[in-house]
Number of protein chains: 2
Amino acid sequence: MRLVVARCTVDYRGRLDAHLPEAVRLIMVKADGCVAIHADGGAYKPLNWMNAPNTLVDHGDHWTVVNPKGETLTITLLEVLTETAHELGDDPGLQKDGVEAHLQALLAASPQAIEDGLTLVRREYPTAIGPIDLVCRDAAGQVVAIEVKRRGDIDGVEQLARYIERLHLDSSLGAVRGVFVAQVVKPQARVLAEARGFRVVEVDYDDLRGMRPDELRLF
Amino acid sequence: MRLVVARCTVDYRGRLDAHLPEAVRLIMVKADGCVAIHADGGAYKPLNWMNAPNTLVDHGDHWTVVNPKGETLTITLLEVLTETAHELGDDPGLQKDGVEAHLQALLAASPQAIEDGLTLVRREYPTAIGPIDLVCRDAAGQVVAIEVKRRGDIDGVEQLARYIERLHLDSSLGAVRGVFVAQVVKPQARVLAEARGFRVVEVDYDDLRGMRPDELRLF
DNA sequence: GACTCTATCTCGGTA
DNA sequence: TACCGAGGTAGAGTC
């Protein structure tokens, strides 16, 4: 990893045009060739960047970075303050717990948390337009398609609508209804879901994690 | 900006739990207090981070970073290889050109570029499920809802469909038709838009920028 | 390679 | 502040 602190200007021409006026910034060049230009604030996102793979040419007073799509990043160096390089080696990578997949797994183990009498038919039920998070049957035997989100946004409701439209093409299933499950459901998403005739359920991740499927069956 | 290259482990507890095993990484602490831990690859996104505002406490062999929501980032330093600090100063910020907002503004100023005889009723027309980019009336006085995208994808067509569905609930407007405008419309999006009965218009950003509203009126 | 979907998304605008 | 939409979304997984 190469770290250059320099007074510079930067221009990006690609999916849009962007320009950075003269200022002192950190230029980070990683071992895989990706380049990021950071100011001294503003979260982790760099002001400007070019991902790998790309070709970096050092013209002395300016660098040009070009990617295979023809997008270019031009860094004009007006004054290099420091330049260092470091060997970091490979990284073992990040281990995560608590993402949507886990929420889905917990709900698959305890569909009663969504609705009394619900039993799982299949997780990641395949359709031509992608897998449905959970497919269940309710107490009356009707098929229920369930979309699981951490944050219930409008996009998720549309996703559920597409899946249900798809399932309706499969007449062997009979009538199918939809349930939209999330830890938090946004107001606009709730409006749309209800307009579409979907039930909306908010669930708590920690409660779910604390539940045992057998405990749930006591109700 | 403080730059520390160190062999470290990192733990995040917050919206999810995440753990980084021991490895050499770059730890970036910006002037606003935000912290980012970078490996030597993987584009610009850090492996782990904590945005400002937060409180960083240096316990010598480990740092704890806590934000107001109670999320914590713990960095255990096993071996500090280098540590530097730099004064970068304020950044004038990024200047962008060619984003959707510019396209929308240009089209609002020259709706004739979409269709002869179109006059603007309102930009960002409010509905319960979000604002419609442009609402116009055509030469015949019919209401036209217009969705503007830089890249015309299926999502944008569905967005337009939702808006029109919503507008139909407002009987005072009469029949409403939809126009999908983008610099590039993907084939799938075009098929869907036409199936929904929407007109599809591709516009050129540079042409629009060159137009004057009065020039357009010459036609 | 194309498509789909998630994200500690980030970031900006607005009510 | 919370909500909502755009993004050079990036990144991962699947087909």
Side-chain angles (χ1 to χ4, degrees), chain A residues 11-18 34 36 42-52 54 65 67 69-73 93-94 96-104 124 126-133 147-156 158-159 162-163 182 184-192, chain B residues 10-18 34-37 41-52 54 65 67-73 93-94 96-104 124 126-133 147-151 153-156 159 186-188:
Chain A
D11 284 278
Y12 165 76
R13 293 188 67 84
R15 276 164 283 187
L16 55 67
D17 294 347
C34 72
Y44 70 65
K45 196 177 180 183
L47 294 162
N48 232 326
W49 69 92
M50 183 69 81
N51 284 350
N54 65 53
V65 190
N67 74 6
K69 286 187 229 161
E71 301 173 341
T72 62
L73 189 70
L94 188 65
K96 290 184 184 186
D97 176 39
V99 293
E100 183 189 307
H102 299 152
L103 187 60
Q104 191 199 108
E124 302 287 349
T127 76
I129 55 167
I132 306 178
D133 287 342
E147 177 65 31
V148 178
K149 288 281 179 231
R150 265 185 344 111
R151 292 168 22 119
D153 268 316
I154 232 168
D155 284 0
E158 290 287 28
Q159 211 175 328
R162 287 199 300 273
Y163 291 145
V184 183
V185 177
K186 300 291 173 184
Q188 290 191 349
R190 186 178 293 274
V191 168
L192 184 66
Chain B
V10 184
D11 284 278
Y12 165 76
R13 293 188 67 85
R15 277 163 283 185
L16 55 66
D17 294 347
C34 72
V35 181
I37 293 113
Y44 67 65
K45 194 177 181 183
L47 294 163
N48 231 324
W49 68 92
M50 181 70 79
N51 284 351
N54 65 53
V65 189
N67 74 5
K69 286 186 228 161
E71 300 173 343
T72 62
L73 189 70
L94 187 65
K96 289 186 184 182
D97 181 33
V99 294
E100 183 189 307
H102 297 155
L103 189 60
Q104 192 199 107
E124 303 286 351
T127 77
I129 54 167
I132 307 178
D133 286 343
E147 177 64 31
V148 178
K149 288 281 179 229
R150 252 172 4 102
R151 291 179 324 173
D153 267 317
I154 261 178
D155 282 0
Q159 209 174 331
K186 301 284 166 158
Q188 289 187 349

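Letters A, B, ... mirror the listed sequences (proteins, then strands); counts begin at 1.
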Tell me what [X] touches on the nucleic acid: a base, only sugar-phosphate, or nothing, going by heavy atoms under 4.0 Å.
X	answer
Gly14(B)	nothing
Ile129(A)	sugar-phosphate
Glu147(A)	sugar-phosphate
Gln159(A)	sugar-phosphate

Report summary line: Per-nucleotide protein contact along nucleotides 9-15 of chain C, 5' to 3', at a 4.0 Å heavy-atom cut-off (B base, S sugar-phosphate only, - neither), is SSS----
Requested in this report: Identify, between Lys96(A) and Arg162(A), the residue whose nearest nucleotide on DNA chain C lies closer to the 5' end.
Outcome: Arg162(A)
Spacing of [X] atom [atom1] relative to [N] atom [atom2], expressed in whole Å:
X	N	atom1	atom2	result
Tyr12(B)	dA7(C)	OH	P	12 Å
Lys149(A)	dT4(C)	NZ	C1'	10 Å
Leu94(A)	dT6(C)	CG	P	19 Å
Lys186(A)	dA7(C)	NZ	P	15 Å
Lys69(A)	dA2(C)	NZ	P	11 Å

Check whether any side-chain heavy atom of [X] sits under 4.5 Å from a side-chain heavy atom of [Y], and report yes or no.
X	Y	result
Leu73(B)	Ile37(B)	yes
Asp133(A)	Glu100(A)	yes
Met50(B)	Asn67(B)	yes

Within this structure, what is the [atom1]-[atom2] distance for the pair [X] and [Y], rounded to the nearest 0.5 Å?
X	Y	atom1	atom2	answer
Gln104(B)	Lys149(B)	CD	NZ	10.0 Å
Lys69(B)	Arg15(B)	NZ	CZ	4.0 Å
Glu147(A)	Asp155(A)	CD	CG	10.5 Å
Arg150(B)	Leu16(A)	CZ	CG	5.5 Å

Query - For DNA chain D, stems built from three or more consecutive Watson-Crick or G-U wobble pairs below 3.5 Å - result: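 In DNA chain D, stems of three or more pairs: C:1-7 with D:9-15, C:9-15 with D:1-7.
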Report task. Could you list where the contact with chain B starts and ends along DNA chain D, reading 5' to 3', using a 4.0 Å heavy-atom cut-off? Result -> dG5(D) to dG11(D)
Query raised in the report: Does atom CZ of Arg151(A) have more than 12 heavy-atom neighbours, drawn from other residues, nucleotides or ligands, at distances under 6.0 Å?
Result: no
Query raised in the report: Has Arg13(B) got more than 12 heavy atoms of other residues, nucleotides or ligands less than 6.0 Å from its CZ?
Result: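 Count not over threshold, so no.
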Query raised in the report: Taking the P atom of each, how far is dC4(D) from dG8(D), in whole Å?
Result: 22 Å
Query raised in the report: How far, in whole Å, is dG7(D) from dG11(D) if one measures between their C1' atoms?
Result: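 Taking atom C1' in both dG11(D) and dG7(D), they lie 14 Å apart.
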Requested in this report: Under the side chain to side chain donor-acceptor pair (under 3.5 Å) rule, what do Gln159(B) and Glu158(A) come out as? Steps first, then yes or no, please.
Outcome: CA-CA 9 Å; Gln159(B) 209 174 331; Glu158(A) 290 287 28; over 6 Å; no
**Report entry** Minimum heavy-atom distance between Ala189(A) and Ile154(A), given as atom pair plus value
**Finding:** CB-N, 3.7 Å
Report task. Map Pro131(B) and Met50(A) onto DNA chain D by nearest heavy atom, then report which one ends up closer to the 5' terminus. Result ->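 Looking at the nearest nucleotide for each, Pro131(B) comes out on the 5' side.
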Query raised in the report: Between Tyr44(A) and Tyr44(B), what is the ring plane arrangement, given parallel below 30°, perpendicular above 60°, and tilted in between?
Result: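 Aromatic pair Tyr44(A)/Tyr44(B) classed tilted.
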